[in-house]
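Before any comments, here is the structure.
Given the structure is predicted, the values throughout are model-derived calculations rather than measurements. So that the names make sense, note that chain A is the first sequence line, chain B the second, and so on, each numbered from 1.
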Number of protein chains: 2
Amino acid sequence: MGTESAGTEQRQPVMADVAKLAGVSHQTVSRVLNGAPHVRPDTRDRVLAAIRELDYRPNSAARALVTRRSQTLGVVSFDSTLYGPASMLDGIEQAARSAGYFVSVTSLRSLDGRSVQEAVDRLRDQGVEGVVVIAPQTSTVSAVARLSSSVPVVAVGSGNQTQVPMVSVGNRFGAGEATGHLLDLGHRTVHHVAGPANWLESQDREEGWRLTLQAAGAPVPEVQRGDWSARSGYQAGLRIIELRDVTAVFCANDHMALGLLRALHEAGRAVPDEISVVGFDDIPEAAYFTPPLTTVRQDFGELGRRALEMLVGELESSAPSPGHVQITPELVLRRSVGPAMRR
Amino acid sequence: MGTESAGTEQRQPVMADVAKLAGVSHQTVSRVLNGAPHVRPDTRDRVLAAIRELDYRPNSAARALVTRRSQTLGVVSFDSTLYGPASMLDGIEQAARSAGYFVSVTSLRSLDGRSVQEAVDRLRDQGVEGVVVIAPQTSTVSAVARLSSSVPVVAVGSGNQTQVPMVSVGNRFGAGEATGHLLDLGHRTVHHVAGPANWLESQDREEGWRLTLQAAGAPVPEVQRGDWSARSGYQAGLRIIELRDVTAVFCANDHMALGLLRALHEAGRAVPDEISVVGFDDIPEAAYFTPPLTTVRQDFGELGRRALEMLVGELESSAPSPGHVQITPELVLRRSVGPAMRR
DNA sequence: TTGCGGCGAGTGAGCGCTCACGGCTTCGCC
DNA sequence: GGCGAAGCCGTGAGCGCTCACTCGCCGCAA
């Protein structure tokens, strides 16, 4: 113990240092730090002063070791470059912070179940207390469902998985609203540019579209499939241009709608005079497309926040699963839709 | 110590359990886990088998406590909903994982220096070994510079701060390229829709634009200032329409360019025939604007990756600071620009 | 006076790991 | 055949904290 001779050490101060300075025991310091009762005000003040003087920071690893709580939540996401996931992450982080948690992120490279298990394991090895998975593909969601994990997991996505707690958007409803709106305007039917087949959002939006057409007795055209990107929307547009009698198109997201608008524009097809276009998401740019895009708004940030609340609820009440929370999207009308042509 | 009687415990297995099962000491288990030399192959195999059988996971908190290394890096970002920050975060996460680190994120609510200090402190309290700050505003960068922190910090941004290690994009260069290209096409001068005044990218792009005009002896018009959003680009567009003799506009990002295009379109001003427009960033959608946008491409993912490499380098070699890394952007030509009108 | 409950502290153990050591075995070499 | 070196493995301490105790003191009722 010859370290005393070295004077003011470089070493970070620990609880014992604070205790010595304040003239109390380390336990009292701990009590002050954790807001425990039965500490006299002046004692507390002395401790706090000592903490400030030494610029003492509790060591989170030591605390985590003994309490078995890391105050950390994990997020696994698929492509956090997309607007949706990025916004959800943002919402999650906000909610986590206000609930007193840190958030640790990791992203998936591939979509197989192993990759999901790997990511969750990685997070778990780090000691996270719970995980929210933003990976709305059939493969990943079913992987989450059969995840062998000791930590609570909530998914954000879609679909009707009931095995895993989840928060999602009413995609079927939103798609139905969009499709119904177009039908109401007199369009004989509505074409659809869908997202990737293995995404749940994609499936649900397609289903909402299809069901609405069927309920209205409208013909159900073949689906054009994209990958969410503007590029794929453009390519779908090229195919749609070839088709006869297309007067209305519902795109599964705004980016693809942008690509579609581009293709239509190049082909000299006026929107909305000849063809009406509706998107999904309401990204901030949608109002500035040419023409401004009618779309279905969903609040990604809220989605993330709700997912986190759900996780924290599960964590702190140790209740098994509050089931499934849904957020209702809303149709936003802009200039990209109009009544069906009379010809 | 009556726990033995309970048989197979619910309790997570610890190193001692593995050691007992493998018939070795806990230290040998530790050696196997950490790849230490001097362990006989068959001993190693026995240990590995025991680990698998018990599904043993090392406790990261315990390890962090003694090694004083958390294997965690922090990221503080400002608005991770924007395409740029989101992509950087993605790049950072990838690079961190392949370097063997976890990533913990937190975002800033406000822009004052206190907020930055707070965020970094928060991360530090969690035990991160280093921090990368994605918050490219004058206020935050100078806050980073005078950060009182014991952990290494690297910033990703712009500007010529030398006090803090940084990786940035050649914004001045990119803006110069864009402006120069327009001048080369015969435009008398180039107008500018700038980003927020307190963002470094904004300042640098504006400076690159201004310098290029001055070098060419072209008049320097008043700057229209936006906030990166398409909405603000639209509003800038409304103002620009009022001006006489505008034939070329350089926007500080693609989103504002989109808004500008919208405003021009509504006013019946043809792009590029009457007015040429150039953006900055090359977001994936830029190629599908109406018309497709000429812009300056920067690789955000690479930016993030480089920032993380820099941080890890600093961490592992304990060298003070490799200074400043710059990434060169590239002009991408599309249909939104054309030669100056002859009239 | 004695007893007793609760407030305000302190003491010691132990969380699960790594690090510094120390001891035993096996080999190479003169 | 003996001796040093290296390979292989075990022992104990301790990282910085919290949790379960214990202890002294004061006030109040018996």
Atom pairs under 3.5 Å: protein N/O with N/O of nucleotides 6-11 of chain D:
unit_1: D:dC9; atom_1: OP1; unit_2: B:Arg40; atom_2: NE; d: 3.4
unit_1: D:dC9; atom_1: OP1; unit_2: B:Arg40; atom_2: NH2; d: 3.2
unit_1: D:dC9; atom_1: OP1; unit_2: B:Thr43; atom_2: OG1; d: 2.4
unit_1: D:dC9; atom_1: OP2; unit_2: B:Arg40; atom_2: N; d: 2.8
unit_1: D:dG10; atom_1: OP1; unit_2: B:Ser25; atom_2: N; d: 3.4
unit_1: D:dG10; atom_1: OP2; unit_2: B:Ser25; atom_2: N; d: 2.7
unit_1: D:dG10; atom_1: OP2; unit_2: B:Ser25; atom_2: OG; d: 2.9
unit_1: D:dG10; atom_1: OP2; unit_2: B:Thr28; atom_2: OG1; d: 2.6
unit_1: D:dG10; atom_1: N7; unit_2: B:Arg31; atom_2: NH2; d: 2.8
unit_1: D:dG10; atom_1: O6; unit_2: B:Arg31; atom_2: NH1; d: 3.4
unit_1: D:dG10; atom_1: O6; unit_2: B:Arg31; atom_2: NH2; d: 3.4

State plainly whether the residues B:Glu118 and B:Arg122 are in salt-bridge range, i.e. N to O under 4.0 Å. no
From CZ of A:Arg63 across to C1' of D:dC19 the rounded distance in Å is 13 Å
Under 4.0 angstrom between B:Asn59 side-chain N/O and C:dC15 OP1 or OP2: no
Angle between terminal axes - the helix from C:dT1-D:dA30 to C:dC30-D:dG1, 5 pairs each end, rounded to 10°: 50°
Does A:Glu309 come within less than 4.0 Å of A:Arg305, counting only side-chain N to carboxylate O? no
With the side chain counted from C-beta on, respond yes when B:Arg63 and B:Asn34 share a heavy-atom pair under 4.5 Å apart, and no when they do not. yes
Check the pair B:Leu73 / B:Glu129 against side-chain contact (heavy atoms from CB on, under 4.5 Å), numbers first and verdict last. CA-CA 6 Å; B:Leu73 266 21; B:Glu129 297 180 33; 4.2 Å; yes
Any B:Pro41 side-chain heavy atom under 4.5 Å of B:Arg44 side chain: no
Counting side-chain heavy atoms from C-beta on, which of C:dC15, C:dT18, D:dT18 comes nearest to A:Met15? D:dT18
Would you mind reporting whether A:Val47 and A:Ile51 have side-chain heavy atoms less than 4.5 Å apart? yes
Under a plain distance cut-off of 3.5 Å, with no hydrogens placed, do B:Ser104 and B:Gln126 share a side-chain donor-acceptor pair? yes
Under 3.5 Å, side chain of A:Ser70 to main-chain N/O of A:Ala64, donor-acceptor pair present? no
With distance as the sole criterion, is a donor-acceptor pair present between the side chains of A:Asp90 and B:Ser80 under 3.5 Å? yes
Rounded to whole Å, how long is the line connecting atom CG of A:Leu33 with atom C1' of D:dC19? 15 Å
Looking only at heavy atoms, the pair that brings B:Met310 and B:Val154 closest together is C-CG1, 4.5 Å
Does a nitrogen or oxygen in the side chain of B:Arg68 sit under 4.0 Å from OP1 or OP2 of D:dG16? yes
Scan nucleotides 24-28 of chain C against the protein and return all N/O pairs shorter than 3.5 Å with their distances rounded to 0.1 Å.
none

Quick check: do A:Tyr101 and A:Leu315 have side-chain heavy atoms less than 4.5 Å from each other? yes
On the nucleotide D:dC17, are OP1 or OP2 found under 4.0 Å from the side-chain N or O atoms that A:Ser30 carries? no
